[in-house]
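Structure first, then comments.
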Amino acid sequence: MSKDLEISDLETAGLQAVDRFLSTFNSRDIMAWADSLHFPHVRPAHAGQITVFESMQHYVEAFNFDRVIATGWDHSEWDYKHALHFSSKKVHVAGQWSRYTTTGEKLLSTPIVYIVTYQQGQWGIQSRFSSDYVSDDMDNGITTEMETRCFALIHDFINRANEGNHAACAELINYPHFAIGKDKLDCSKDGSELDLPSGHITVNSLYAIQTGMHSMNAALDINLNIGGTHHQRHIVLNISKRNNHLGIQAWSALDPTVKQVTA
């Protein structure tokens, strides 16, 4: 039976989706873990090859639990998780998990923003925006500098977009670039394929969600004026330094005015 989901239900749905992701990973059941995702699926990150997994089969064939277990991993736990933004078919969730050995020794920690979408009757993770982990004992001046550079890049991008300067915007992007829709994943291989927002953008708020030495996940609330009609958008951005170029690697936007979804 269908029902209308209120904001609290959407928050619960987003958090349950990421809980399912972690619990199925701990179960070592590769099919159950892959079923917590939506496809095509991508995990933008500052290092390594960024692969678009077109299907569950592609994902399952590419992953090997034995390699993870060989590191001494026994289980993973949340350090934190909370929902950032909500709409009828998309929820942005920020979280960080750590991997542990059987004796409780921490192996690694990873901060992530999860793009959770509602498709074919199920909430699942469409994309994971990865930021590199910075431990508490590291110099926080490193992350402060990264935040300053990333904020300047975002404002520069918006100013150039408002001018209609496509070429300047394209220079501020890392490729391949990913835009995560409600039920799709768009990939731009170069600036000629980049789809810029139409209308005039006004920034209402901008803050860092997670910041590392080489990357940052940021939250951006904007007003988009298209032909005199104003639209609110909540956006998460993944910015990374790849090949010595700091650029916007991925983004996801949602409409916060949509408060219900029939499920």
Side-chain angles (χ1 to χ4, degrees), residues 18 21-22 25 41-53 62-63 67-68 71 73 76 78-82 84 92-100 106-115 125-158 160 168-180 185-191 194 203 206-220 235-253:
V18 299
F21 168 82
L22 199 67
F25 185 79
H41 184 88
V42 69
R43 186 181 186 268
H46 77 280
Q49 181 180 353
I50 302 176
T51 301
V52 176
F53 297 96
F63 191 80
R67 286 199 293 265
V68 180
T71 66
W73 170 78
S76 300
W78 289 115
D79 298 320
Y80 65 82
K81 64 180 188 297
H82 58 270
L84 299 167
H92 296 152
V93 177
Q96 178 176 294
W97 48 258
S98 294
R99 291 180 181 173
Y100 294 90
K106 184 184 289 189
L107 295 170
L108 62 84
S109 299
T110 301
I112 298 275
V113 168
Y114 297 90
I115 313 303
I125 299 170
Q126 191 80 58
S127 183
R128 295 171 276 165
F129 291 3
S130 178
S131 179
D132 52 308
Y133 176 73
V134 176
S135 62
D136 294 336
D137 58 356
M138 289 189 68
D139 179 8
N140 62 11
I142 296 173
T143 57
T144 299
E145 179 185 1
M146 177 58 73
E147 286 185 10
T148 300
R149 293 179 63 195
C150 289
F151 288 160
L153 185 150
I154 293 168
H155 284 296
D156 192 17
F157 182 90
I158 291 171
R160 302 292 82 78
C169 287
E171 289 296 321
L172 301 174
I173 297 291
N174 275 345
Y175 302 95
H177 171 79
F178 303 97
I180 316 301
L185 187 157
D186 290 328
C187 176
S188 299
K189 296 179 182 178
D190 55 44
L194 185 65
V203 177
L206 169 63
Y207 63 92
I209 306 168
Q210 298 149 334
T211 309
M213 295 177 61
H214 310 286
S215 60
M216 183 179 84
N217 287 323
L220 177 67
I235 302 168
V236 289
L237 299 158
N238 177 255
I239 302 170
S240 62
K241 185 178 180 181
R242 291 179 64 89
N243 302 319
N244 287 323
H245 180 265
L246 186 69
I248 301 171
Q249 195 76 59
W251 59 44
S252 170

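Side-chain atoms of Asn217 and Ser131 form no donor-acceptor pair, as typed in the model, at a separation below 3.5 Å.
Annotation for Leu153 and Leu172: closest pair CD2-O, 4.0 Å, computed over non-hydrogen atoms. When all heavy atoms of Gln249 and His177 are compared, the pair lying nearest together is O-ND1, 3.2 Å. Pro111 and Ser109 get closest at one heavy-atom pair: CD-O, 4.1 Å. Pairing each heavy atom of Ala170 with each of Tyr175, the nearest pair is O-OH, 2.9 Å. Minimum interatomic distance between Ala208 and Phe151 (heavy atoms only, all atoms of both residues): N-CZ, 3.6 Å. Nearest heavy-atom pair, Ile50 versus Val42, reported as atom, atom and distance to 0.1 Å: CG2-CG2, 3.6 Å.
In this structure, the separation between NZ on Lys81 and CD1 on Ile112 is 15.0 Å, given to the nearest 0.5 Å. The line from CD of Glu171 to SG of Cys169 is 10.5 Å long, rounded to the nearest 0.5 Å. Atom OG of Ser130 and atom NE2 of His46 lie 7.5 Å apart (nearest 0.5 Å). Between Glu147 atom CD and Ile239 atom CD1 the span is 10.5 Å, to the nearest 0.5 Å. A distance of 9.5 Å separates CZ in Phe129 from CD1 in Ile209, rounded to the nearest 0.5 Å.
A distance-only check finds no donor-acceptor pair linking the side chain of Asp186 to the backbone of Ala179 [under 3.5 Å]. Formation of a donor-acceptor pair under 3.5 Å by the His82 side chain with backbone atoms of Val93 is not found in this model. The main-chain N or O of Met216 is never found under 3.5 Å from a side-chain atom of Thr211 such that the two would form a donor-acceptor pair. Checking side-chain atoms of Asn238 against main-chain N and O of Ala250 turns up no donor-acceptor pair under 3.5 Å. Checking side-chain atoms of Ser215 against main-chain N and O of Gly212 turns up no donor-acceptor pair under 3.5 Å. No side-chain donor-acceptor contact under 3.5 Å links His92 to the backbone of Tyr114. The backbone N or O of Gly95 sits less than 3.5 Å from a side-chain atom of Gln210, completing a donor-acceptor pair.
Using the six-membered ring where Trp is involved, Phe25 and Trp73 have ring planes that are tilted, between 30° and 60° apart.
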Verdict with supporting geometry, Arg242 and His214, side-chain hydrogen bond (donor to acceptor under 3.5 Å, both in side chains): CA-CA 8 Å; Arg242 291 179 64 89; His214 310 286; over 6 Å; no
Derivation of the side-chain contact (heavy atoms from CB on, under 4.5 Å) call for Ile158 and Leu220: CA-CA 11 Å; Ile158 291 171; Leu220 177 67; 4.0 Å; yes
Asn174/Ile248 under side-chain contact (heavy atoms from CB on, under 4.5 Å): CA gap, chis, key distance, verdict: CA-CA 6 Å; Asn174 275 345; Ile248 301 171; over 6 Å; no
Pair Arg43-Thr51, side-chain contact (heavy atoms from CB on, under 4.5 Å): steps then yes or no: CA-CA 7 Å; Arg43 186 181 186 268; Thr51 301; over 6 Å; no
Step-by-step side-chain contact (heavy atoms from CB on, under 4.5 Å) determination, Arg128 to Ile115: CA-CA 6 Å; Arg128 295 171 276 165; Ile115 313 303; over 6 Å; no
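With contacts defined as side-chain heavy-atom distances shorter than 4.5 Å, the pair Trp251/Ile173 qualifies. Two residues are said to be in side-chain contact when any heavy atoms from C-beta on lie closer than 4.5 Å; Pro44 and Ser127 meet this criterion. For the pair Leu185 and Phe178, the minimum side-chain heavy-atom distance is below 4.5 Å. In this structure, His41 and Val52 have side chains that are not in contact, with every pair of non-hydrogen atoms separated by 4.5 Å or more.
Applying the side chain to side chain contact (heavy atoms under 4.5 Å, CB included) test to Leu108 and every residue at least two apart in sequence or in another chain returns Trp97, Arg99, Thr110.
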